[in-house]
Amino acid sequence: MSNELNERQREAVTCTEGPVLVIAGAGSGKTRVLTERIAHLVRNVGVPPWNILAFTFTNKAAGEMRERLERASPGISQSLWVGTFHATGVRILRRHGDRIGVRRHFSIYDADDSANLLKAITSRSMLDARVVKSPRWLHDRISRMKNELMSPELAMEQARDRVEKRVAELYAQYEKDLRRANALDFDDLIAKVVELFAADEDVKAEYATRFRYVLVDEFQDTNPIQMAMIDALASHYRNLFVVGDDDQSIYGWRGAKVEHILQFEDVYPGTRVIRLEQNYRSTQTILDAANQVIANNVGRKGKNLWTDGPVGDKVQLIESLDEETEAVNVFHTVRALVTKGENLKDIAILYRTNAQSRALEEAFKLGSLPYQIIGSVRFYERMEVRDVLAYCKVLANPDDSTNLKRIINVPRRGIGKASVDLVEAKSAETGRSMMDLLRSGAPGAPGAHVLPAAAAKRCQAFLELFASLESVAEHEPAPRVVEAIVEKTEYMKYLKDDYPDSDARIENVEELVNAAHLFAESSEDKSLRAFLEEVALVADVDALDPEKGALTLMTLHNAKGLEFDCVVITGLEEGLFPHYNSIDSEREVEEERRLFYVGMTRARKHLYLSCASVRRRMGHIEGSVPSRFLLEVPEQCLEHAVAGASAGRASADTAGATDGAVGWESHARDEIAAAHRQPDYESFSQEESVEFEVGMRIRHESFGPGVVRKVEGGGDHTRVTVIFDSGGERKFLARFAPMRPI
DNA sequence: TGGTAGAGGCTTTTT
DNA sequence: GCCTCTACCA
């Protein structure tokens, strides 16, 4: 793509001085603009790369930008600061954190660590069970406050009832315990930087004068604490360049404020506003559909994407009976695309919730199509991986009591809850870390004043093991340390003895060892601490590998910033997308709609939308109504797809071929045969609209015969209530429901 | 202290 | 429907 920049893009690249706001529609080439702007600054304006700071949304985006710049002008990416807010925050805090009491070797707590710490805090008081729904819930509340720059003190001041008061107290305690453990949670990585800049003018000035040019990608998804960090960093030169799209703001639930875009000109007077509306990605049809959908949102800046590319195919609608059938239909769709010459790596399947990946995964496994799932059960969240990492974390920072508790009796070494509770209570009482307490006391007797002799002896054994690991960690690079942990704790033996599915778990541990080796090969600093830092900051999307030759399954949120030739969006049903929890609030429905818009605009050539008429939800089977978003797609852009033989069980015939030895082409015959045995659900759906009337006898493909009780609305929005002979009453959208008069 | 069985909660999205 | 946590017993 070495084409010429268009006029607007060129303006965005070359207009270097003062604040600039770029409203960049989906596929309008904003990544390119960002990269070229940096290249322009260095090459043509003569700015040294170390005077430039750029924020990206993921590490992957940062890596790609670095790579492109490196290709254009070798050597430049070395001294350039490009990264996520979190990664940049860590970098600053490792250098200057000590000015506000953040010790050098702090641990980074992920959501799980934070929840564990909060659990320990709340379980100290019985009363908290009534106030706190779950540690996660509490962490959510605290996280939101941190992201809004609210201290525990301020939270206490503003607390309006007993629950809020108690939450504020727990927030304060949480902060105290984090400090005692020498740990920062995820939000702290940014919050502490803001605190540092507020507390120390010199440090702030040092960074603000160093970074003459500050660039921010995905600006619509910045939250107040990130905005505060940006403000501080850009305070001296005010050469702040932000790129965003208010229509793609999908992180409101995480505190992101679209207002940052809408009010940018007020906060930064003299802002040059540049709009990029020409789309270089999608077909006209896909853009028409997406434009129409997003037009249903009020309170947006308003824009219309256009392209001078081809009209392209219509958006295809896939209707299925249930989740499993949907998965099979999606599988057939993908297979047909591949037969037509599409590459698997250019195909993505997107969904609202991670849980939806299960059925899809099953279908693709059965059909032997290679796929990669982003997110879902995250690698670094697996129990066995966390165990080994917990050893690493405690080695890097012995005061990390949350992780010490995790490993002190894993594998089992006879140190039970009673002992741990004793030490923990003592720790809370004295303010000393648990490791500190264990190691102190009379010589040869860990926690001599705390534990009974038998327990103390077992703790002694643990301390000896730990000391031997420490001596490895002292001189050896990260991979050797990880290996030593696995060996000396006999961790694999523990997995084999205790877990029936030990094979997969052992593989995961091996993969972690592998990851450590990979890290050591590619990184200058090979220390355990550096490794832990990288592990803490990677996101799921960072693992996305287009060279794998596999199709991609992921949430719509994860798809932000990516693009594919073919995109399938599944689960377009009321309650799932838009999600139940958002459905009562117009504001939240609009965010869901933006999420749908993001999904649609990921597609270059082919877009498929899929829904099912029943879906399992937490064990129950529930009838579902097609999403309102489907109705917002203009009829002339939409076409009912023939998703091949759609018999729900078709691929069961291929079960014997799951080892992948047999290519999927050879299954076609089996499936045609199976389709004859199974009812063909596709042929069941409405080709032309039927006028339903009250009292009419109908047959629904999944619920059987019934009587129409009520008809509401008109045209595409007609809703029909049916009482089924089997007893249930359900409401459907006439346009989509797989039923007809009998 | 460790093992087991039953209850309960969970699923919205993530750096 | 699955996973995690808790309570109780050996």
Side-chain angles (χ1 to χ4, degrees), chain A residues 55-62 83-90 108-112 114-116 119 123 129 133-137 139-140 143-144 146-147 185-191 218 221-223 225-226 249-256 323 350-359 374-378 380-383 409-421 452 454-455 458 497-498 501 536-542 554-561 571 575-583 588-589 591-592 594-596 598-599 615-621:
Chain A
F55 288 111
T56 58
F57 199 70
T58 62
N59 297 295
K60 185 164 166 283
T84 61
F85 284 100
H86 293 89
T88 306
V90 171
I108 299 170
Y109 271 16
D110 60 23
D112 209 70
S114 292
N116 283 336
K119 205 168 108 194
S123 62
K133 277 163 87 182
S134 72
R136 293 252 164 204
W137 173 88
H139 182 233
D140 256 27
S143 175
R144 209 156 310 152
K146 280 194 186 185
N147 281 310
D185 72 9
F186 243 90
D187 304 312
D188 284 339
L189 301 181
I190 300 163
E218 307 284 8
D221 285 322
T222 52
N223 60 34
I225 197 90
Q226 292 167 332
S249 156
I250 54 174
Y251 284 93
W253 52 275
R254 203 167 81 180
E323 207 164 6
L350 310 179
Y351 36 78
R352 177 70 237 267
T353 67
N354 280 307
Q356 289 168 255
S357 68
R358 185 165 283 168
I374 306 298
S376 193
V377 194
R378 298 187 181 87
Y380 288 110
E381 280 175 21
R382 298 203 147 99
M383 166 229 124
N409 200 33
V410 174
R412 230 166 285 112
R413 47 180 75 92
I415 305 173
K417 194 171 177 303
S419 306
V420 173
D421 282 351
R458 288 190 284 258
D497 293 347
D498 281 45
D501 56 345
L537 296 176
V538 291
D540 296 318
V541 236
D542 297 337
M554 64 184 149
T555 61
L556 287 140
H557 281 90
N558 266 323
K560 184 167 98 148
L576 187 59
F577 194 19
H579 197 271
Y580 283 115
N581 301 359
S582 307
I583 229 156
E588 288 176 45
V589 169
E591 180 152 316
E592 299 274 307
R594 290 194 292 268
L595 189 58
F596 183 44
V598 167
R615 193 168 290 268
R616 239 201 296 278
R617 220 189 129 64
M618 291 199 215
H620 310 266
I621 292 177

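To find a chain, count down the sequence lines: A is the first, B the second, and so on, and within it residues start at 1. Hydrogens, waters and symmetry mates play no part in the numbers below; they use all other heavy atoms, side chains included.
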Which nucleotides of nucleotides 1-7 of chain B have their base under 4.0 Å from a protein heavy atom (B), which only their sugar-phosphate (S), and which neither (-), written as one string 5' to 3'?
SSS----
Would you please name every residue forming a side chain to side chain contact (heavy atoms under 4.5 Å, CB included) with Ala115(A), sequence neighbours left out?
Pro135(A), Arg136(A)
Checking contacts here: which listed nucleotide (dT13(B), dT15(B), dT11(B)) is nearest the side-chain heavy atoms of Phe186(A)?
dT15(B)
Which part of the nucleic acid, if any, lies within reach of Arg358(A) when heavy atoms closer than 4.0 Å are counted: base, sugar-phosphate only, or nothing?
sugar-phosphate
Any residue meeting salt bridge (Lys or Arg N to Asp or Glu O under 4.0 Å) with Glu218(A), in chain and number order, not counting sequence neighbours
Lys30(A), Lys560(A)
dT11(B), OP1 or OP2 - any side-chain N/O from Asn354(A) closer than 4.0 Å?
no
For His579(A) and dT12(B), do the ring centres fall under 5.5 Å apart while the planes stay under 30° apart?
yes
When you look at Ile108(A) and Val90(A), which way does the side-chain contact (heavy atoms from CB on, under 4.5 Å) test go after all the steps?
CA-CA 9 Å; Ile108(A) 299 170; Val90(A) 171; 4.0 Å; yes
Integer-rounded Å distance: dG1(C) P and Glu323(A) CD
12 Å
Check step by step if side-chain contact (heavy atoms from CB on, under 4.5 Å) holds for Phe577(A) and Leu556(A).
CA-CA 11 Å; Phe577(A) 194 19; Leu556(A) 287 140; 3.5 Å; yes
Among the candidates dT14(B), dT11(B), dT12(B), find the nucleotide nearest to the side-chain atoms of Ala355(A).
dT11(B)
Length of the line joining Ile374(A):CD1 and dT13(B):C1', which is rounded to integer Å
16 Å
Under 4.0 Å between any heavy atoms, over every strand shown, what does Tyr251(A) touch: base, sugar-phosphate, or nothing? Just pick one.
sugar-phosphate
Looking at residues at least two apart in the chain, or sitting in another chain, which of them share a salt bridge (Lys or Arg N to Asp or Glu O under 4.0 Å) with Arg458(A)?
none
Of the listed nucleotides dT15(B), dC5(C), dT14(B), the one nearest the side chain of Thr555(A):
dT14(B)
So, is Asn558(A) near the phosphate of dT15(B), with a side-chain N or O under 4.0 Å from OP1 or OP2?
yes
5'-most contact on DNA chain B: Ser134(A) or Gln226(A), nearest heavy atom basis?
Ser134(A)
Do His86(A) and dT15(B) have a side chain to base donor-acceptor pair shorter than 3.5 Å?
yes
Suppose we screen for side chain to side chain contact (heavy atoms under 4.5 Å, CB included). Which residues come up paired with Ser582(A), at least two apart in sequence or across chains?
His579(A), Glu588(A), Glu592(A)
Send over the distance from Trp137(A) CH2 to dT13(B) P, rounded to a whole Å.
19 Å
Closest to the Asn581(A) side chain, choosing from dT11(B), dC10(B), dT13(B)
dT11(B)
Taking side chain to side chain contact (heavy atoms under 4.5 Å, CB included) as the definition, give me every residue that meets it alongside Ala355(A), ordered by chain and number, with sequence neighbours left out.
Thr353(A)
How would you label the contact of Tyr580(A) with the nucleic acid (heavy atoms, under 4.0 Å): base, sugar-phosphate, or nothing?
nothing
